[in-house]
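What you see is a predicted model; the values in this text were computed from it and never measured.
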Amino acid sequence: MAIPKAPVKRIIQEAGAERVSADAVDALAEYLEDYAEEVSKKAVVYAKYANRKTVKEEDIALATDSQKSESPEEKHNILDVIKNVFDAASEGKGIEDIIKSFKKMEK
(Lines give C-alpha, C1' and ligand atoms only; values in the text may rest on other atoms or scores of the structure.)
Protein backbone atom coordinates (compact mmCIF):
# COMPACT_ATOMS: atom_id res chain seq x y z
CA MET A 1 0.00 0.00 0.00
CA ALA A 2 1.45 3.32 -1.03
CA ILE A 3 1.12 6.44 1.07
CA PRO A 4 -0.56 9.19 -0.98
CA LYS A 5 1.91 11.77 -2.21
CA ALA A 6 -0.16 14.90 -1.52
CA PRO A 7 -0.08 14.57 2.29
CA VAL A 8 3.65 13.78 2.17
CA LYS A 9 4.31 16.89 0.11
CA ARG A 10 2.17 18.92 2.52
CA ILE A 11 4.23 17.65 5.48
CA ILE A 12 7.44 18.85 3.80
CA GLN A 13 5.88 22.21 2.95
CA GLU A 14 4.58 22.67 6.51
CA ALA A 15 8.14 22.05 7.68
CA GLY A 16 9.10 25.20 5.79
CA ALA A 17 10.00 24.16 2.24
CA GLU A 18 9.06 26.67 -0.46
CA ARG A 19 9.31 24.08 -3.21
CA VAL A 20 9.38 20.27 -3.09
CA SER A 21 10.63 17.96 -5.82
CA ALA A 22 8.77 14.79 -6.75
CA ASP A 23 11.88 12.78 -5.83
CA ALA A 24 11.83 14.25 -2.32
CA VAL A 25 8.17 13.31 -1.90
CA ASP A 26 8.86 9.78 -3.15
CA ALA A 27 11.85 9.37 -0.83
CA LEU A 28 9.96 10.53 2.26
CA ALA A 29 6.92 8.42 1.36
CA GLU A 30 9.13 5.33 1.04
CA TYR A 31 10.79 6.05 4.38
CA LEU A 32 7.41 6.58 6.08
CA GLU A 33 6.08 3.32 4.66
CA ASP A 34 9.12 1.38 5.87
CA TYR A 35 8.89 2.97 9.31
CA ALA A 36 5.14 2.33 9.54
CA GLU A 37 5.64 -1.30 8.57
CA GLU A 38 8.25 -1.82 11.30
CA VAL A 39 6.07 -0.11 13.92
CA SER A 40 3.08 -2.19 12.82
CA LYS A 41 5.00 -5.46 13.10
CA LYS A 42 6.10 -4.57 16.62
CA ALA A 43 2.58 -3.47 17.59
CA VAL A 44 1.24 -6.84 16.44
CA VAL A 45 3.76 -8.56 18.71
CA TYR A 46 2.57 -6.45 21.66
CA ALA A 47 -1.06 -7.28 20.91
CA LYS A 48 -0.20 -10.98 20.81
CA TYR A 49 1.63 -10.66 24.14
CA ALA A 50 -1.61 -9.25 25.54
CA ASN A 51 -3.53 -12.21 24.06
CA ARG A 52 -5.44 -9.93 21.68
CA LYS A 53 -6.08 -10.11 17.96
CA THR A 54 -6.81 -6.38 17.83
CA VAL A 55 -3.93 -3.92 17.66
CA LYS A 56 -4.72 -0.97 19.93
CA GLU A 57 -3.33 2.51 20.34
CA GLU A 58 -1.31 1.33 23.35
CA ASP A 59 0.44 -1.25 21.15
CA ILE A 60 1.42 1.45 18.68
CA ALA A 61 2.67 3.63 21.55
CA LEU A 62 4.79 0.79 22.90
CA ALA A 63 6.09 -0.02 19.43
CA THR A 64 7.13 3.56 18.71
CA ASP A 65 8.88 3.83 22.07
CA SER A 66 10.69 0.59 21.31
CA GLN A 67 11.96 2.07 18.06
CA LYS A 68 14.21 4.25 20.21
CA SER A 69 15.46 1.52 22.52
CA GLU A 70 14.74 -2.16 22.11
CA SER A 71 12.52 -4.60 20.29
CA PRO A 72 9.29 -5.98 21.81
CA GLU A 73 10.94 -9.38 22.19
CA GLU A 74 13.43 -7.81 24.60
CA LYS A 75 10.84 -5.82 26.57
CA HIS A 76 9.12 -8.31 28.85
CA ASN A 77 7.09 -6.92 31.70
CA ILE A 78 8.36 -9.05 34.57
CA LEU A 79 4.98 -9.02 36.31
CA ASP A 80 3.30 -10.38 33.19
CA VAL A 81 5.97 -13.06 32.88
CA ILE A 82 5.47 -14.11 36.50
CA LYS A 83 1.68 -14.11 36.11
CA ASN A 84 1.92 -16.28 33.00
CA VAL A 85 4.18 -18.75 34.79
CA PHE A 86 1.80 -19.01 37.77
CA ASP A 87 -1.24 -19.32 35.49
CA ALA A 88 0.40 -22.08 33.48
CA ALA A 89 1.51 -23.90 36.62
CA SER A 90 -2.00 -23.70 38.11
CA GLU A 91 -3.32 -25.26 34.90
CA GLY A 92 -1.01 -28.19 35.51
CA LYS A 93 1.47 -27.30 32.78
CA GLY A 94 5.07 -28.36 33.28
CA ILE A 95 8.14 -26.23 32.75
CA GLU A 96 8.54 -27.49 29.18
CA ASP A 97 5.03 -26.26 28.28
CA ILE A 98 5.72 -22.91 29.91
CA ILE A 99 8.95 -22.49 27.93
CA LYS A 100 7.15 -23.45 24.71
CA SER A 101 4.47 -20.81 25.37
CA PHE A 102 7.16 -18.12 25.76
CA LYS A 103 8.84 -19.21 22.55
CA LYS A 104 5.50 -18.91 20.74
CA MET A 105 5.07 -15.36 22.09
CA GLU A 106 8.43 -14.35 20.63
CA LYS A 107 7.50 -15.37 17.08
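Side chain of D65 to main chain of L62: no donor-acceptor pair is present (N/O by atom type, distance under 3.5 Å, no hydrogens or angles).
Nearest heavy atoms, A63 versus A43: CB-N, 3.7 Å. Taking all atoms of both residues into account, the shortest heavy-atom contact from V20 to A24 is CG1-CB, 4.2 Å. Shortest non-hydrogen contact noted between A36 and S40 is O-OG, 2.7 Å.
Ring geometry for Y46 against Y49 counts as perpendicular: the plane angle is over 60°, on a 0 to 90° scale with 30° as the lower cut.
Atoms CG and CD1, on L28 and I12 in that order, are 5.0 Å from each other to the nearest 0.5 Å. Here OG1 of T54 is found 9.5 Å from CG of D59. Values are rounded to the nearest 0.5 Å.
One hydrophobic cluster holds both V39 and V55 under the rule that ILVMFWY side chains link at heavy-atom gaps under 4.5 Å. The hydrophobic clustering, which links ILVMFWY residues whose side-chain heavy atoms are closer than 4.5 Å, places L32 and V25 together.
Within the structure, every pair that satisfies the side chain to side chain donor-acceptor pair (under 3.5 Å) test and touches residues 4-29, not counting sequence neighbours, is listed here: K5-D26.
For the pair K42 and E37, the salt-bridge criterion is not met [side-chain N within less than 4.0 Å of a carboxylate O].
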